[in-house]
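Every chain is numbered from 1 and lettered A, B, ... according to where its sequence line falls, protein lines coming before strand lines.
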2 protein chains.
Amino acid sequence: MDSTIGLRERKKAETRQAVHEAALRLAVERGLDNVTVEAIADAANISRRTFSNYFDGKEDAVLYGDEQRLRELVRRVAEQPPERTAWQALRGALRDFYHDSGSPDRDWVQRSKLVKRHPSLLARQLAGHARLESELSQALAGRPQPHGVEPRVIIAVFLVALRIGTQRWVNEPETGTLLEMMDQVLDQLARPFE
Amino acid sequence: MDSTIGLRERKKAETRQAVHEAALRLAVERGLDNVTVEAIADAANISRRTFSNYFDGKEDAVLYGDEQRLRELVRRVAEQPPERTAWQALRGALRDFYHDSGSPDRDWVQRSKLVKRHPSLLARQLAGHARLESELSQALAGRPQPHGVEPRVIIAVFLVALRIGTQRWVNEPETGTLLEMMDQVLDQLARPFE
DNA sequence: GTGCAAAGTTTCTCACTGTGCATGTACGTT
DNA sequence: AACGTACATGCACAGTGAGAAACTTTGCAC
């Protein structure tokens, strides 16, 4: 299935992944501030300059896994039955995603904890979410919206739920599944309030 | 009323403001990427080293006005009658704020347009919002929440409305007042949806 | 296979940034 | 007036991001 794409692209993807993993590992081991781009590049066996060809900075390198996850989520959103509302599609995609992926991977937990400790990571992560909003708009185009809430608004609210759910789950992992935490927030958000 | 605070603090505030204004002006004139910290420092008659004593980077310097605005909003939230729900307090504070301030100032519009053009500014701005959430939690402590939606969630949703409303207003200023745009989004958010 | 163009990597370079440190200066307090 | 403290400055230095040029690998046509 991926034999259609050439060796070139495959290698690039591998390198990018390797750089990401090196960045994440080093950041967890030493703390992000004590990791230089050069150290990451060394660990991934590339030059410092090449690092810049792949990522805009160490923050982006660390968060690349998140980006992948979210792209996967967007893909699943687009695959949701078109008669569903935007909200239903988003929640459905989220459920599918966590159902298929099983429990969240170690790396993802590590990234979340890093984000909690390093404001610069939070900044990049939120910027990434903002960029994602337009892509999600595409995936939600042409769906019914019986309640009259615009897709743009729905999407932003949905991402808020992901963020709060994640933060909450990282802070108190005993309380429930990640999906449960997110669902809990999502339920609140869909409810009317004053 | 501010004669109680010393000359020292007043000077500091003036310098910070001057640096901010210089940063904003230069960023608007040349584009953020073509403005060095040194140029900002020169324009504000301070040394490059001193710039770093005031701000963590040019982005923060440009966005300082936003920070002030939001602090003012938080202050007004805390002053809302305590029998109001968190949501009512937030909306009330917003209304008061824009009622008193009159139409939004030029600088604010310029900053919003800059944020639209420069992702690094968006990142910092969103990180600032995230930092603000805890302060708003304080200002909303102990209020009734009849609908069972947690303050944390309310706050995040509220900030989403500010962001979307602002973006929308910057993109199409003819459609209505900034406050109207925000209210429009806020109305949608308080409504139930599926 | 051979050869060639395109894409990717590396090395070198340079302007810019952030911060620790030592020193000088202005403020506030007594 | 005098002293301690907070702040500003200049300097040094490690780290960063990006352009340019040389070199290597990949994709493709023959």
My understanding is that only residues two or more places apart in sequence, or in another chain, count here; which of them pass side-chain contact (heavy atoms from CB on, under 4.5 Å) with [X]?
| X | value |
| --- | --- |
| A:Ser137 | A:Ile155 |
| B:Lys113 | B:Val109, B:Val170 |
| A:Ala123 | B:Ala123, B:Ala127 |

Using the ring pair (Phe, Tyr, Trp, His ring centres under 6.0 Å) criterion, which residues pair with [X]? Sequence neighbours excluded.
| X | answer |
| --- | --- |
| B:Phe193 | A:Trp87, A:His147 |
| B:Tyr98 | none |
| B:Tyr64 | B:His20, B:Phe55 |

Name all pairs fulfilling the salt bridge (charged side-chain N to carboxylate O under 4.0 Å, His left out) condition that reach into [range], sequence neighbours left out, sorted by first residue then second.
| range | answer |
| --- | --- |
| residues 130-148 of chain B | A:Arg163-B:Glu133, B:Arg71-B:Glu135, B:Glu133-B:Arg152 |
| residues 165-174 of chain B | A:Glu150-B:Arg168 |
| residues 36-49 of chain A | none |

| Going by distance alone, is a donor N or O of one side chain under 3.5 Å from an acceptor N or O of the other, for B:Glu29 and B:Asn34? |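 No, no side-chain donor-acceptor contact under 3.5 Å.
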
| said: Reading DNA chain C from 5' to 3', where do the contacts with chain B start and stop? Cut-off is 4.0 Å to heavy atoms. | reply: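 Boundary nucleotides touching chain B, in 5' to 3' order, are C:dC16 to C:dG28.
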
| So, is A:Lys11 close to the D:dT26 phosphate, meaning a side-chain N or O under 4.0 Å from OP1 or OP2? |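 Yes, because at least one side-chain N or O of A:Lys11 sits under 4.0 Å from OP1 or OP2 of D:dT26.
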
Would you kindly give the [atom1]-to-[atom2] distance between [X] and [N], to the nearest whole Å?
| X | N | atom1 | atom2 | value |
| --- | --- | --- | --- | --- |
| B:Lys58 | D:dG17 | NZ | C1' | 11 Å |
| A:Glu59 | D:dG15 | CD | P | 15 Å |
| A:Asp33 | D:dT16 | CG | C1' | 14 Å |
| A:Asp56 | D:dA18 | CG | P | 6 Å |

| request: Nearest-nucleotide wise, let me know which of B:Gly57 and B:Leu7 is further upstream toward the 5' end of DNA chain C. | output: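 This one resolves to B:Gly57.
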
| note | Under a 4.0 Å heavy-atom criterion, the protein footprint on nucleotides 5-11 of chain D, written with B, S and -, is BBSSBBB

| field | Sugar-phosphate, base or nothing in reach of A:Thr36, heavy atoms under 4.0 Å | value |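 Result for A:Thr36 = sugar-phosphate.
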
| said: Let me test you: for the helix from C:dG1-D:dC30 to C:dT30-D:dA1, what is the angle between the axes at its two ends (five pairs each), rounded to 10 degrees? | reply: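 Inter-axis angle at the termini of the helix from C:dG1-D:dC30 to C:dT30-D:dA1: 30°.
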
| Should B:Asp183 and B:Arg91 count as an ion pair when the cut-off is N to O under 4.0 Å? |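 Salt bridge between B:Asp183 and B:Arg91, a charged N being under 4.0 Å from a carboxylate O: yes.
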
